[in-house]
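Written out below as structure tokens is the structure these notes cover.
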2 protein chains.
Amino acid sequence: MGQTAHEHGTTAVFASVEKACRERGLRLTPLRRQVLELILQAGGPVKAYDLLDSLKTSHHSAAPPTVYRALDFLLENHFIHRLETRNAYVSCFHPEASHSGQFLICEQCDQVTEINAPEMTQGVLKAAAEQGFKPSKEVVEVYGTCRKCIE
Amino acid sequence: MGQTAHEHGTTAVFASVEKACRERGLRLTPLRRQVLELILQAGGPVKAYDLLDSLKTSHHSAAPPTVYRALDFLLENHFIHRLETRNAYVSCFHPEASHSGQFLICEQCDQVTEINAPEMTQGVLKAAAEQGFKPSKEVVEVYGTCRKCIE
DNA sequence: TTTAGACCGCTATATTCTAGCATTCAGAGC
DNA sequence: GCTCTGAATGCTAGAATATAGCGGTCTAAA
Ligand SMILES: [Zn+2]
Ligand SMILES: [Zn+2]
Ligand SMILES: [Zn+2]
Ligand SMILES: [Zn+2]
């Protein structure tokens with residue numbers, strides 16, 4: 001049951017993020033809010049410099065640190081994920097629980113789906129345990145062809 | 001059974017790569033050979049620009065494309081892997097078989113171990129199948145603490 | 001109201017990677 | 001051997017991604 005934040009409803013995600021900020025005493029400043037909005041609206045992976053360009057239209061003083069600091073905040077608090085293989089950022093569709101993201105990335109249409117695959121996590125844990133390795137974070141990005149593009 | 005190319009013996013890896021090149025009609029030119037040597041000697045993840053600096057000492061004309069083209073060759077033919085989360089390159093300890101790499105990365109000592117965890121791959125395949133997604137390549141990089149650093 | 005820390009504006013710079021074009025070289029066919 | 005072709009390399013430039021650092025401003029707590 002993978003889904004994108006877009007399908008999940010950006011308003012719902014937004015509400016969830018706001019709630020989390022209130023509860024954890026985090027400051028969802030206008031800048032951070034706007035960057036999150038832009039990512040949600042995109043409905044897919046967005047590049048930092050594309051965010052910067054968007055920001056600039058309404059925020060003349062925006063510079064790289066403007067965007068990267070907002071992204072850092074959103075990443076640290078697990079409101080978005082970074083796609084390591086693409087240098088891109090996607091919203092998290094269930095920001096309540098802290099987790100590493102697992103992604104299916106279609107090489108045909110570039111659609112990205114965040115999944116929650118416990119078997120995969122179990123496999124990671126088992127393999128790590130055999131090495132005496134204590135995992136703290138897993139990066140899983142699977143490339144291939146999505147259902148739509150197979151048809 | 002994780003191991004680094006270093007532990008596996010750089011000469012053995014080298015022999016294996018040379019064999020593969022002969023069989024597949026690939027040209028392991030001096031430049032490519034030297035870059036592979038540098039990666040093997042490093043015994044861990046190496047950055048492209050560190051390779052470039054090393055190359056420059058013996059090869060005055062070396063420039064970024066010099067390194068990146070050699071890396072591309074080694075990557076395409078599965079003689080090395082790229083660590084996506086670190087923009088770094090590591091040698092593959094069994095370059096005979098083509099495969100996506102799976103890595104355990106220690107946050108304390110930066111040691112990287114390539115593992116081969118079928119359960120993990122199975123988990124990926126199962127999760128992908130549920131989405132109707134046909135995987136072609138998986139990127140798995142697990143961060144945590146290695147056995148040595150736990151002690 | 002003071003104050004410490006978080007946040008932001010701004011400039012500069014670091015880091016990673018690629019485009020493009022000319023030259024050289026290796027191997028295939030003659 | 002000679003020629004041709006595609007692969008490999010030399011070289012310059014520049015794109016894309018990310019960070020350092022410093023001073024000013026705002027916020028929330030004491
Ligand atoms: Zn998520
Ligand atoms: Zn697709
Ligand atoms: Zn490998
Ligand atoms: Zn360690």
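Numbers restart at 1 for each chain; the letters A, B, ... are given by sequence-line order, proteins then strands.
- Rounded to whole Å, the distance from CD on A/Gln34 to C1' on C/dC8 is 14 Å.
- To the nearest angstrom, C1' of C/dT11 lies 12 Å from CZ of A/Arg69.
- Between the side chains of A/Glu138 and A/Ser100, not a single donor N or O lies within less than 3.5 Å of an accepting N or O.
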side-chain hydrogen bond (donor to acceptor under 3.5 Å, both in side chains) assessment of B/Thr29 paired with B/Gln34: CA-CA 8 Å; B/Thr29 65; B/Gln34 196 179 349; over 6 Å; no

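- Rounded to whole Å, the distance from NE2 on A/His60 to P on C/dG9 is 12 Å.
- Put simply, CG on B/Asp72 is 14 Å from C1' on D/dT9, counting in whole angstrom units.
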Write down the protein N/O and nucleotide N/O pairs, taken from nucleotides 15-17 of chain C, whose separation is under 3.5 Å; answer none if there are no such pairs.
{"from": "C/dT16", "atom 1": "OP1", "to": "B/Lys47", "atom 2": "NZ", "distance (Å)": "2.6"}
{"from": "C/dC17", "atom 1": "OP1", "to": "B/Arg82", "atom 2": "NH1", "distance (Å)": "2.3"}
{"from": "C/dC17", "atom 1": "OP1", "to": "B/Arg82", "atom 2": "NH2", "distance (Å)": "3.0"}
{"from": "C/dC17", "atom 1": "OP2", "to": "B/Tyr68", "atom 2": "OH", "distance (Å)": "2.9"}
{"from": "C/dC17", "atom 1": "OP2", "to": "B/Tyr89", "atom 2": "OH", "distance (Å)": "3.2"}
{"from": "C/dC17", "atom 1": "N4", "to": "B/Tyr49", "atom 2": "OH", "distance (Å)": "2.6"}

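- Panel note: side chain A/Glu119, backbone B/Val124; no donor-acceptor pair is recorded below 3.5 Å.
- As rounded to whole Å, 13 Å separates atom P of D/dG10 from atom NZ of B/Lys56.
- Using modelled atom types, one side-chain atom of A/Asn77 and one backbone atom of A/Phe73 make a donor-acceptor pair closer than 3.5 Å.
- With respect to the salt-bridge test (charged N to carboxylate O, under 4.0 angstrom), the residues B/Lys19 and B/Glu23 qualify.
- When each of B/Asp110, B/Thr113, B/Leu83, B/Val142 is checked for a side-chain contact (heavy atoms from CB on, under 4.5 Å) with B/Ile105, only B/Leu83 meets the rule.
- Within the structure, a side-chain polar atom (N or O) of A/His59 is placed less than 4.0 Å from OP1 or OP2 of C/dG9.
- Atoms CD (A/Glu76) and P (C/dA6) sit 11 Å apart, rounded to a whole Å.
- The distance between atom CG of A/Leu75 and atom P of D/dA18, rounded to the nearest whole Å, is 10 Å.
- Residues of residues 25-32 of chain A that place a heavy atom closer than 4.0 Å to DNA chain C, in numerical order, are A/Arg27, A/Thr29, A/Leu31, A/Arg32.
- Residues A/Lys126 and A/Glu130 are paired through a salt bridge, judged by an N-O separation under 4.0 Å between the basic side chain and the carboxylate.
- Using a 4.0 Å cut-off between charged side-chain N and carboxylate O, B/Glu18 and B/Arg33 make a salt bridge.
- Side-chain N/O atoms of A/Glu114 and A/Ser91 include no donor and acceptor closer than 3.5 Å.
- As rounded to whole Å, 16 Å separates atom P of C/dA14 from atom CG of B/Leu52.
- Grouping the Ile, Leu, Val, Met, Phe, Trp and Tyr side chains by contacts below 4.5 angstrom, directly or via other members, places A/Tyr143 apart from A/Val139.
- Within the helix from C/dT1-D/dA30 to C/dC30-D/dG1, the inter-axis angle between the opening and closing five-pair segments is 40°, rounded to 10°.
- Residues A/Thr145 and A/Glu107 have side chains that never bring a donor and an acceptor to within less than 3.5 angstrom of each other.
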